[in-house]
Structure formats: C-alpha cells, structure tokens
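Read through the structure below, which is laid out as structure tokens, and then see the notes.
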Protein chains: 2
Amino acid sequence: MGLVQDSTAWDVVDRLRAALLDGRFAHGSKLKPDTLRTSLGCSASAVREALFRLSTEGLVQFHPQRGFRVPQRDIELLHDITQVRIMIEEQGACRSIRNADVAWEARLTAAHHKLSHIESRVQRTEPTDEVFQLWVRGEQEFHQTLIGNCGSQILVDMHLAIYRRFRQQMVTSDRDFTHLPVNRDQHLEILDAALARDEDGVCRRIRAHLGRHLVRPIPEREAVPA
Amino acid sequence: MGLVQDSTAWDVVDRLRAALLDGRFAHGSKLKPDTLRTSLGCSASAVREALFRLSTEGLVQFHPQRGFRVPQRDIELLHDITQVRIMIEEQGACRSIRNADVAWEARLTAAHHKLSHIESRVQRTEPTDEVFQLWVRGEQEFHQTLIGNCGSQILVDMHLAIYRRFRQQMVTSDRDFTHLPVNRDQHLEILDAALARDEDGVCRRIRAHLGRHLVRPIPEREAVPA
DNA sequence: ATTCGACGTATTTTCGAGATTTTGTTGAAA
DNA sequence: TTTCAACAAAATCTCGAAAATACGTCGAAT
C-alpha cells in the first residue's frame, strides 16, 4: 500500500502534463526517460511514449537522437500563442452566444462565481502554491465554459491545447498576482457582455484581457484601398 | 539497391500519413500494427508509435485496449473541420495581407500559376489517380502560401493539421472533379483579392470557396440588442 | 431457437536488452 | 593556450518477447 502507483500509460501522460503545467521542471531542462522512470513508477519506454505524445501537443520539444526538452520561455512564442488564443476565444465566445440558452448562462455564471471566489480569497491570503493551482483551474474552467457552447468540438479541443501552452509559458512568472485585481474586473466584464449577448463587447474584452501578453498590438483591419 | 527501406520512425509516420491521405485505407477500417509491419518494413512497435502520433493529429482514432481505426466519414465532422478551417484561413490571409511584400506576392502568384496549370490539365485529360495527387499538393501549397505570410508559426501549423483532416474526409468522394471549374474560378478570385490587399474580399471568397462543405450556413453576427 | 458461459485465438500493452548515436573527457600536437 | 583526435560514458532508438486483455466459437441449458 502507501506509494503504490501501477500507472497505466495514460496516467503517465496526464501526470507528466500536470507536472509540466505546474512548473515542476525548469524551462529548457532535459527530460530523460530513464530518470523520470523512478518518480513515475513505470518503464522508460512508457515515459518515452508519453513524452512523444506531449511533443505533439507542443508541451515538450523533441529532437531526433537528442531527446526531449521543456520548451524555453520565449516572449515571441507567448505573443504568437496569445494571438491564436484570442482568435479561438473570440470565435468560440461569439458562437456560444449565438447558441445561448439558460443552461449555458447558468454554467457560465457558476464558473465565474467559483473563479471570483478564489480570486477574492487570493487577494486576502498569502499566495500559496496550492491556491495558485486552484486559481489556474478556475480560470481555465471559466474560459472553457465561455467557448463551450460554440458547438464545435474541434474548437474546444484547440482551445484547451493552446491554453495549456499559454499556461506553460506563464508558469513561475505570473505568480506575483499583481495583475489579479485587473484580471478580476476583466473576468466580470466578459461575463456581463456574454450574458448581454454582446458579441462585439465580448471580443473587445477578451482582447483587453489577454492583450498584456502581446509584444506588439495586433494591427486593425484597414479599409479597402480604392 | 532495389527495395531497400531502412525506415526510421519518422519516415513511418510520414508514410502512414501519406497512405491515409491518399485514401489507401477505407474509412472506419482497423489499423493493426502487426499487419502494417510488413508493408512498412519495420517492427510493430514502430508502427504503434507512429499511429499514436497520428492519433493526436486527428488522422487516426485510438481506443484503449481496442487499437486504432481510420475515422469514419462524418458529414457533421466535415462541417466542423470546414468551419475551423475557414476561421484559420481568414485570419491567416488577413494577416498575410497586412505583412504583404513583393516576395510574398510572387510566391502566391507562382503557387496559383502551378495550381491553375494542373487544374486546366485535369479538365482536358482523364482524371488519373496520379493527377489527383498532383492537384491536392497544388491546392495545399496555394492555401498554405496564402496564409504563410501571417507571421504566426502556430497558425500555419494548425492550418496544415486541419487541412489534412479535411483532405482525409474528402478523399474518394471529391474525385469526380465536377466542382473543378468553379474551384478554378474561386482560386483566381482569392488570388486577385489578396493581391489587391482586400481583406474583406478575401474572407468573403474563402467562405464562398469552402462553403459548400458546410451542412448549414454559418450564422452572421447580429447587431447588439438594445 | 435463444441465451449464456467456457475455452481458444488474436490483438493489445508493457517491458528490458542490444545496437546505434551522441556527449564528455583525456591527452598529444601545433 | 588552443585544436583536434581517440576513447569512455551516457543517452537514444529499435525490436521482439512476455503478460494482459479483448474477441470469436462452440456447446449446453432453458
């Protein structure tokens, strides 16, 4: 008993992903199957297969004959990720609004309520590591619910993937909670716009919410030249 | 000499993907590593790893303890894929236009010229299987070039992935070439709009080009309710 | 005729060993 | 001191065998 962990291959993937997203490995560090084997309680082959899978998700870099690495922190990459995330989240939110019904509004309100509760708790207490994880899950659930009514499974999956890459880039750096009050207001504004079924408003507020991670502003669409 | 194929694991992935996209496996058919081993000239383990990777790309379905399958033809899935592809291609084309320079215009013109050449050839001759493959590559290159100047590697990668899933759904059905004359015109119109740097026009024409694969029209964005 | 269970076959999953390649170290020559 | 080659150590890649699981067949009981 105790530390039993006869982990199947899928638990290994999830466990590794969780470790990556919690920042338990430094950016750029090497991921050696033979080393990770012990802490994961499985063979090196299983770890290798899991890392392979994670590399296709963009959470791990793979170079043939040179093994696996945690992607470096890269301000340009974060810019790129953010821009794509804005695109997906705008589209997803708008389509969710078009399909809006009471059930979705209830789910979204509930998700925001939970998130808001955590956020106000964080402002009072010392930012524990555990509380941070709680906040991440709350934030993820809110954004996922926001686009979750869009009717497109592919869009939802893509958003989850890009959100994870976003979190991986942010880990260890966003833990200062400086921006949290602003964040809190922005989440509320997004909720209000969504409930008001104001598509343009939601898009504007999503851009405002994520915009601080952009290196340079996204150029506006210009009018057609004559 | 001859039938040498000391295939590394990456060639196996590419080879399998090519086979999938050429329609060499029927939709819904089972993909057994031990069977594919002989035709690919490698071990079953290598095939398994390749199939695993392809499953994360959406080109293969994986069910634990039940092996791998080619995704079924699904009109709803094609709708979903098309809708996401439209989103990516619109965004990518617009950003490409904003970064437009002579070099990109040259690449796009060249890609269209090649595609146009193939298309006119197809209209004259009997639609061979080989010509069809040629056309697919030409079409892919044109659309990839269209968005290739957007400056976002992630967007380009996502487009490639979704384009492949699109092709996999279309394979064996779109080979009638009935729509080819229309297609030909639409490609030209997209090129013209791109060279004119008309973002709205490009978006409209992309929607018109891909719209026939949608089960139902994409709802327009409505005005904000008072 | 149908349902259910037991058994044999086929497939999937896991694992560690051997071959190959990269990486790090030492030492001699310029 | 720097450069380079040879050697040693470590990591990666591939593979087939063994264990676990699912699938299909046959036969008996209802």
Side-chain angles (χ1 to χ4, degrees), chain A residues 1-20 24-72 168, chain B residues 1-20 24-72 168:
Chain A
M1 31 169 142
L3 51 89
V4 179
Q5 30 183 346
D6 56 305
S7 44
T8 173
W10 291 91
D11 292 338
V12 175
V13 175
D14 293 338
R15 209 103 58 83
L16 270 175
R17 189 178 16 237
L20 258 345
R24 264 174 275 172
F25 304 106
H27 291 281
S29 64
K30 215 155 187 311
L31 296 167
K32 282 178 275 195
D34 195 61
T35 305
L36 274 53
R37 176 175 54 133
T38 58
S39 63
L40 286 164
C42 65
S43 72
S45 308
V47 178
R48 180 184 158 80
E49 198 170 84
L51 289 171
F52 235 104
R53 158 124 205 197
L54 290 172
S55 77
T56 70
E57 294 183 19
L59 296 176
V60 164
Q61 278 184 336
F62 171 73
H63 299 281
Q65 310 283 5
R66 299 203 177 177
F68 302 91
R69 279 186 175 282
V70 182
Q72 282 287 0
Q168 184 180 47
Chain B
M1 38 169 162
L3 49 90
V4 179
Q5 30 182 348
D6 56 303
S7 43
T8 172
W10 291 92
D11 292 339
V12 176
V13 175
D14 292 337
R15 210 103 59 85
L16 269 175
R17 189 176 18 235
L20 258 345
R24 264 175 274 174
F25 304 107
H27 291 282
S29 63
K30 214 156 189 306
L31 296 167
K32 284 178 277 196
D34 194 60
T35 306
L36 274 53
R37 176 176 54 129
T38 58
S39 63
L40 286 165
C42 66
S43 73
S45 308
V47 178
R48 181 183 160 80
E49 198 171 84
L51 289 171
F52 239 107
R53 158 124 205 198
L54 290 171
S55 76
T56 69
E57 295 183 18
L59 295 177
V60 164
Q61 278 185 337
F62 171 73
H63 298 282
Q65 311 282 4
R66 299 205 177 175
F68 302 91
R69 279 187 175 281
V70 182
Q72 282 287 359
Q168 183 180 49

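Letters go in sequence order (proteins before strands), and every chain restarts at 1. These figures come from a predicted structure and were not determined experimentally.
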Taking only N/O atoms, report every protein-nucleotides 6-11 of chain D pair under 3.5 Å with atom names and distance.
from, atom 1, to, atom 2, distance (Å)
D:dA11, OP1, A:K32, NZ, 3.2

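- In this structure, the side chain to side chain donor-acceptor pair (under 3.5 Å) partners of A:T56, at least two apart in sequence or on a different chain, are B:T56.
- Remark: B:L54 CG to B:L31 CG distance equals 9.0 Å, nearest 0.5 Å.
- Between C:dC15, C:dT14, D:dC15, one nucleotide has an atom nearer to the side chain of B:R48 than all others, and that is C:dT14.
- To the nearest 0.5 angstrom, A:R15 atom CZ is 7.5 Å from A:C42 atom SG.
- Summarising the geometry, the separation between CG on A:L40 and P on C:dC15 is reported as 12 Å, rounded to the nearest angstrom.
- Every residue two or more places apart in sequence or in another chain was checked for a ring-ring contact (aromatic ring centres under 6.0 Å, His included) with B:F25, and none qualifies.
- Every pair passing salt bridge (Lys or Arg N to Asp or Glu O under 4.0 Å) that includes a residue from residues 41-51 of chain B is listed here, sequence neighbours excluded: A:R48-B:E49, A:E49-B:R48.
- Residues from residues 53-63 of chain B with heavy atoms under 4.0 angstrom of DNA chain C, sorted by number: B:F62.
- Considering only residues two or more places apart in sequence or on other chains, A:R53 meets the salt bridge (Lys or Arg N to Asp or Glu O under 4.0 Å) condition with A:E57.
- The overall bend of the helix from C:dA1-D:dT30 to C:dA30-D:dT1, read as the angle between its terminal helix axes built from five base pairs each, is 20° when rounded to 10 degrees.
- Residue B:R69 contributes atom CZ, which lies 15 Å from atom P of D:dA22 at whole-angstrom precision.
- Both A:S45 and A:Q65 lie close to DNA chain C; mapped to their nearest nucleotides by heavy-atom distance, the more 5′-ward contact belongs to A:S45.
- What separates CZ of B:F68 from P of D:dA22 is a distance of 16 Å, to the nearest Å.
- For A:P64 and B:L31, each mapped to the nucleotide of DNA chain C holding its nearest heavy atom, the one lying further toward the 5' end belongs to B:L31.
- Note that the CZ atom of B:R69 and the OG atom of B:S29 stand 8.0 Å from one another [nearest 0.5 Å].
- Note: A:L16 CG to A:L40 CG = 5.0 Å, rounded to the nearest 0.5 Å.
- Rounded to an integer number of Å, the gap from CD of B:E49 to C1' of C:dC15 is 14 Å.
- Among pairs with a residue in residues 31-55 of chain B, those fulfilling ring pair (Phe, Tyr, Trp, His ring centres under 6.0 Å) read A:W10-B:F52, B:F52-B:F62, B:F52-B:F68, at least two apart in sequence or across chains.
- The list of salt bridge (Lys or Arg N to Asp or Glu O under 4.0 Å) pairs with a residue in residues 26-36 of chain B, not counting sequence neighbours, reads B:D34-B:R37.
- With sequence neighbours excluded, the residues satisfying side-chain contact (heavy atoms from CB on, under 4.5 Å) with B:R66 are B:H63.
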